[in-house]
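To find a chain, count down the sequence lines: A is the first, B the second, and so on, and within it residues start at 1.
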2 protein chains.
Amino acid sequence: MTTDANSSASPPGLRESKKQQTRRLISDVATGLFLSQGFEQTTIADIAAAARVAKKTVTNYFPRKEDLALDHQDAFIASLAGTLVGRRPGTSALAALRGAFVEAAEAANPVAGFSGPAFAGMIADSPTLSARLRDLHDLREAALADALADATGTPRGDITPRTAAALLGAVHRTLFQRIQELTLAGEDNARISAVVTAEADAAFGLLEPSLADYAPA
Amino acid sequence: MTTDANSSASPPGLRESKKQQTRRLISDVATGLFLSQGFEQTTIADIAAAARVAKKTVTNYFPRKEDLALDHQDAFIASLAGTLVGRRPGTSALAALRGAFVEAAEAANPVAGFSGPAFAGMIADSPTLSARLRDLHDLREAALADALADATGTPRGDITPRTAAALLGAVHRTLFQRIQELTLAGEDNARISAVVTAEADAAFGLLEPSLADYAPA
DNA sequence: ACATAAAAATGCTACGGATGTAAGATTGCC
DNA sequence: GGCAATCTTACATCCGTAGCATTTTTATGT
């Protein structure tokens with residue numbers, strides 16, 4: 001995510017500083033345009049013009065247009081695997097992921113899907129963004145599969161951790177979509193939290209008989 | 001999928017006949033080019049030139065390029081829901097879908113993922129096609145969710161059938177990807193069938209404690 | 001059988017995203 | 001201060017997608 005220059009003990013440096021500045025500028029201008037006039041309706045030329053930079057500079061920082069809208073991708077992808085790795089002793093994978101989701105839902109955490117009506121709408125009526133979001137869910141599941149394989153001492157790629165990751169990822173994805181739906185329906189976060197917490201109980205509960213004893217810490 | 005003209009008792013008709021003829025011609029030429037030189041490397045202009053038609057005619061029959069490569073989309077989308085609806089009395093949703101997959105795996109059915117090395121390779125190194133395939137998996141899961149809601153007398157969109165569909169779809173998708181992997185690895189269909197049948201046992205077996213009694217017929 | 005309407009194929013134009021290249025400007029380092 | 005690296009910029013091209021006017025083919029009605 002962050003640049004390597006930061007880790008090598010050097011002070012930010014003017015060049016690196018300016019880079020991140022223009023990167024931030026482009027990203028901010030882009031999200032502003034996206035939210036105000038929609039993702040598909042906004043061209044890269046629009047963004048470049050509004051940010052007073054060349055088109056190539058935009059596509060240089062953000063190779064794909066979707067990257068301009070969906071930020072914190074790495075955090076999202078790593079979230080499930082991170083929850084698993086950081087789970088407290090005595091908790092199974094299911095319990096850890098279940099607890100983390102409920103916690104995120106009660107806090108209306110954006111990573112769980114609480115992105116606000118404008119953002120949810122932007123994604124909803126853009127096939128490109130929806131597809132990219134599916135990609136992220138898949139990558140997140142793959143990362144979880146590897147983490148589960150490591151945690152259970154199973155070779156990566158084995159069918160059992162992969163299936164378990166697919167099941168756990170499926171529940172998370174379903175609940176994520178529910179939050180998006182409710183957001184688009186105009187519900188406020190408090191109500192969404194209440195509804196989704198109850199639904200999470202049903203969804204994770206359904207998986208409990210199968211995975212209660214899987215990947216214990 | 002098919003045209004209405006066919007259902008209104010009229011003989012095929014020269015116009016309809018020629019339409020399907022050119023459609024078939026374009027599709028065949030396209031898949032030939034895709035398999036020989038890759039999906040991304042083949043342009044619509046190439047296809048039009050090889051089929052001796054105008055570019056616009058190609059995009060007229062197939063609005064998106066992916067549609068030229070992935071055929072039988074509707075059959076794929078409807079397969080899980082169809083299996084559920086057509087299940088024999090006394091079988092649960094899980095048992096029906098499990099049985100159908102094993103059957104398809106033993107028969108090396110393309111719908112289960114047995115598409116041959118060339119086709120699998122074409123999909124593997126084309127982000128566009130991979131994305132579209134994920135779409136199809138999602139649509140298939142959505143269709144299954146509706147079918148499960150109907151079968152259990154639950155309102156469509158309810159969390160329980162949606163979650164169940166997500167779980168069952170996840171297993172199917174995981175096994176589908178396994179078949180693709182093994183195909184790309186150069187294994188022959190007989191060996192893939194054997195491996196995947198065993199893995200299906202583990203994967204569906206993992207889900208058994210949760211869904212054994214769900215949606216009985 | 002001929003004329004007319006409907007429909008399909010064609011050729012053209014245009015736009016947007018993605019990629020490549022070469023020139024100019026800025027920064028970092030010696 | 002000057003050199004090397006890198007970023008920005010301004011083209012330029014390619015491809016997929018879409019709209020539109022024109023021509024050719026098919027179907028229908030007189």
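- Rounded to whole Å, the distance from CZ on F62(B) to P on dG16(D) is 15 Å.
- Between F34(A) and F39(A), the ring-plane angle classifies as tilted under the 30° and 60° cut-offs.
- At a threshold of 4.0 angstrom between heavy atoms, the contacts of T43(A) are confined to the sugar-phosphate backbone, with no base atom among them.
- Spacing between atom CD of E16(B) and atom P of dT28(D) amounts to 11 Å, rounded to whole angstrom units.
- Y61(B) comes within 4.0 angstrom of the backbone, heavy atoms only, and of no base.
- Looking at E106(A) and S193(A), their side chains never bring a donor and an acceptor atom within 3.5 Å of each other.
- Taking atom NZ of residue K19(A) and atom P of nucleotide dT6(D), one finds them 10 Å apart after rounding to whole Å.
- If you check every strand for non-hydrogen atoms under 4.0 Å, T42(B) touches sugar and phosphate atoms only.
- No salt bridge links D158(B) with R162(B); every basic N to acidic carboxylate O contact stays at or beyond 4.0 Å.
- At a threshold of 4.0 Å, the pair D188(B)-R191(B) does not count as salt-bridged, since none of the basic side-chain nitrogens sits closer than that to a carboxylate oxygen.
- Rounded to whole Å, atom C1' of dA18(D) lies 11 Å from atom NZ of K55(B).
- When all heavy atoms of A93(A) and R87(A) are compared, the closest pair comes out as N-NE, 4.3 Å.
- Ion pairing of R64(A) with D67(A) is present here, as a side-chain N (NZ or NE/NH1/NH2) and a carboxylate O approach within less than 4.0 Å.
- Nucleic acid contact class of K56(A) (heavy atoms, under 4.0 Å, all strands): base.
- Heavy-atom contacts of chain A under 4.0 Å fall on DNA chain C between two terminal nucleotides, which in 5' to 3' order are dG16(C) to dG28(C).
- Distance CG (L25(A)) to P (dT8(D)): 11 Å, rounded to an integer number of Å.
- Whole-Å rounding puts the N60(B) CG to dG16(D) P distance at 17 Å.
- Residues K18(A) and E40(B) each lie close to DNA chain D; by heavy-atom proximity, the contact nearer the 5' end of the strand is made by K18(A).
- Ionic pairing of R134(A) and E141(A) is not present here: no N-O contact between side-chain nitrogen and carboxylate oxygen is shorter than 4.0 angstrom.
- Rounded to whole angstrom, the span from the CG atom of D46(B) across to the P atom of dC14(D) amounts to 13 Å.
- Summarising the geometry, the separation between CD1 on I47(B) and P on dT17(D) is reported as 10 Å, rounded to the nearest angstrom.
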